[in-house]
Amino acid sequence: MTKSNLSLVALGSLFCLMPLCMFDALRISLRGAAGVRVAVEAAVQVIARLVAHIAGQVTGLLKAILSVITTVMFTITLAYALEPAQAQAQINADAQTSTQLKDQPQNQSPASNQILGDAPTVQFHAWGGSAQVNGYIQWVSQQVSKQYNITLNHVKLADTSDAVSRVLAEKAAGNHTQGSVNLIWINGENFAAMKRHNLLLKDWANSIPNFALTNPSRNPAMITDFGIATDGQEAPWGKASMVFYYNHRFVEKPPLNIHELLAFAKQYPGRFTYPIPNDYLGISFLKYAAIALNEDQQGLLYQLVTDTALAKITPALFEYLDALHPLMYKQGDYMLRQASQLQRLMGTSELLLAFSFTAAEIPSAVNRFDLPSSIRTYAMEDGSLANVHFIGITYNTENVEAAKQVVNFLLSPQAQAKKQQLAVWGDDSVLDFSMLAANDKAMFKPVSHHVSAINKEEAVPLFAEPHSSWTDAIRQAWFDRYGERF
């Protein structure tokens, strides 16, 4: 008979002598098993009441018997309280383990499963604000699962800096081997921050077989991110440039440079705007304007920002914005917080001119009836802000080889050709076609042109992204000047 069973028998005999209220008090205390102290105190209190109750009604002999019973019951009660408390602690530990496993995403395998031979899991943190991008990454996930037995999870981000902060927090907490962020879609200031804090795996890009197809020795943009050398810490994934789009039904001739844009705003007041510079498209517009308005000082923007350089660049920019803001949507008293709102306002014809960093999203939106069929896409003739976007592997990635395999697939002609298809994403390939075999080149044959898509046969000058240090500097200068209004 266990301690628990013995104590239950003894307690059952004692309960026959107790008033009903005293039985309830002891039963509740013991069932709760909150701890030895609570159970023992409850037992002592109940037994003390029992002795006091009976003492006035029984003989001295019975008092002596009850005294012995009290001593025995105290000892048994202590044993009974200890056993459930220990068992309850084990139950709580088991419950916590079960909750942690239950909280795991359904498509995410715990790291321990890899010991059992399961497919390695790679967590790909990438912007999730585009249906086309999300659909493409889902296709990639299917392909790497089928071809390499790798589970690729797309962790959708509203802001890439959230993933950067997570890796930084893991490093501060001493998590150097089991990072929750494995692959990350980055460029610009996010790459600069991760490189500065040593958050990326070093010297791995050159080991990717398909990286050679970008021909980095002849294409320095493949190894330079916003003016900062990548040093093998990230691999190029795609190219993008700023495009403008307008409603052909109401606008016959769109503006073709930064100065004509101001004239357009005067001709069509309230029909153009840009998001605040906290948004990536908002800060991109400011960088384009800063470059285009400072033709004789553009070189400053491709060096590390200084107070002196900033003081030379911003006067022309602010003079222009001071004139533009009252002519914008809602007279500039209200500004958009997200780039996606531009497309929505173009869809309702509240705006007649907008811009994007994803040229393919415009004809796709027309096909979805999110934009009218009268939308046309083009690039500014004075220059189109352009950049290469990259994939990084975090320094604390557990499955480094699996992460590299995913990146190698992303750089394959198959994956790059798929991504460049207008109906899929329309993102320009980073591969140098002169490096491809004939059958691989054939994958990139253009399909029929969409009337709302940009004509890629027309050459336009490209503005390289300024040094990454300028992003925060221009953003902060903008808020210092206009922040109280917005």
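Keep in mind it's a predicted model, so treat the numbers as computed, not measured.
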Check the pair Ser180 / Glu170 against side chain to side chain donor-acceptor pair (under 3.5 Å), numbers first and verdict last. CA-CA 8 Å; Ser180 60; Glu170 289 178 347; 2.5 Å; yes
For residues Tyr274 and Phe355, establish whether the separation of their ring centroids is below 6.0 Å. no
Which heavy atom of Ala221 sits nearest to which heavy atom of Phe390, and what is that distance? O-CZ, 3.6 Å
Look at the rings of Trp478 and His325 and say which category their plane angle falls in: under 30° parallel, 30 to 60° tilted, over 60° perpendicular. perpendicular
Value rounded to 0.5 Å, distance of CG in Leu300 from NE2 in His467: 13.0 Å
Would you please name every residue forming a ring pair (Phe, Tyr, Trp, His ring centres under 6.0 Å) with Tyr395, sequence neighbours left out? His176
What residues, two or more places apart in sequence or in another chain, satisfy salt bridge (charged side-chain N to carboxylate O under 4.0 Å, His left out) together with Arg475? Glu189, Asp472
Could you tell me if the side chain of Asp370 sits less than 4.5 Å from the side chain of Gln343, heavy atoms only? yes
Rounding to 0.5 Å, atoms CG (Asn198) and CZ (Arg196) come to a distance of 10.5 Å
Would you check, one step at a time, whether the test ring-ring contact (aromatic ring centres under 6.0 Å, His included) holds for Tyr280 with Phe357? CA-CA 9 Å; Tyr280 80 97; Phe357 234 104; 7.1 Å; no
Nearest 0.5 Å please: distance from the OG1 atom of Thr358 over to the CG atom of Asp428. 10.5 Å
Check the angle between the aromatic planes of Phe409 and Tyr148 and answer parallel, tilted or perpendicular using the 30° and 60° thresholds. perpendicular
Carboxylate-amine/guanidinium contact Lys195 Asp231, below 4.0 Å: yes
Determine, stepwise, if the pair Thr397 / Leu201 fulfils side chain to side chain contact (heavy atoms under 4.5 Å, CB included). CA-CA 8 Å; Thr397 294; Leu201 188 67; over 6 Å; no
Parallel, tilted or perpendicular: ring planes of Tyr482 versus Phe318, cut at 30 and 60 degrees: perpendicular
Partner residues of Trp204 under the ring pair (Phe, Tyr, Trp, His ring centres under 6.0 Å) criterion, sequence neighbours left out: none
Contacts of His389 meeting ring pair (Phe, Tyr, Trp, His ring centres under 6.0 Å) (sequence neighbours excluded), chain-then-number -> Trp185, Trp237
Hey, do the aromatic rings of Phe226 and Phe191 have their centres closer than 6.0 Å? no
Within a strict 4.5 Å, meaning less than it, do heavy atoms of the Ile375 and Asn247 side chains meet? yes
Do Met222 and Val430 pass the side chain to side chain contact (heavy atoms under 4.5 Å, CB included) test, and can you show the C-alpha distance, the side-chain angles, and the key distance before you say yes or no? CA-CA 8 Å; Met222 301 298 110; Val430 294; 3.8 Å; yes
Arg249 atom CZ, over 12 foreign heavy atoms within 6.0 Å: no
Not counting sequence neighbours, which residues clear salt bridge (charged side-chain N to carboxylate O under 4.0 Å, His left out) with Glu401? List them please. Lys404
Checking Lys419, Gln416, Lys239 against Asp427 for side-chain hydrogen bond (donor to acceptor under 3.5 Å, both in side chains), the one that qualifies is Lys419
Please check this pair: side chain of Ser141 against backbone of Leu152, looking for a donor-acceptor N/O pair closer than 3.5 Å. yes
Are Trp127 and Tyr136 an aromatic pair, judged by ring center distance below 6.0 Å? no
Using 0.5 Å steps for rounding, measure from the CG atom of Leu301 to the CZ atom of Phe463. 10.5 Å
A side-chain contact here means heavy atoms from C-beta on lying under 4.5 Å apart; do Val305 and Ile474 qualify? no
Rounded to the nearest 0.5 angstrom, the CG-CG distance for Asp307 and Leu310 is 7.0 Å
Spacing of OG belonging to Ser468 relative to CG belonging to Asp225, to within rounding of 0.5 Å: 7.5 Å
Pairs touching residues 125-149 that satisfy salt bridge (charged side-chain N to carboxylate O under 4.0 Å, His left out), sequence neighbours left out: none
CD (Glu319) with more than 12 external heavy atoms under 6.0 Å: no
Is there a side chain to side chain contact (heavy atoms under 4.5 Å, CB included) between Gln297 and Ile313 once you walk through the steps? CA-CA 7 Å; Gln297 302 185 96; Ile313 293 295; 4.1 Å; yes
Which word best sums up how the rings of Phe285 and Phe272 line up, parallel for under 30°, tilted for 30 to 60°, or perpendicular for over 60°? tilted
Are more than 12 heavy atoms, taken from residues, nucleotides or ligands other than Asp480, located less than 6.0 Å from that residue's CG atom? yes
With side chain to side chain contact (heavy atoms under 4.5 Å, CB included) as the criterion, how do Gln414 and Gln147 come out once you've worked through the C-alpha distance, each side chain's angles and the decisive distance to 0.1 Å? CA-CA 13 Å; Gln414 176 194 5; Gln147 298 183 34; 3.7 Å; yes
So do the side chains of Asn182 and Asn153 get within less than 4.5 Å of each other, counting heavy atoms only? no
Is the backbone of Ile291 close enough, under 3.5 Å, to the side chain of Gln298 for a donor and an acceptor to pair up by distance? yes
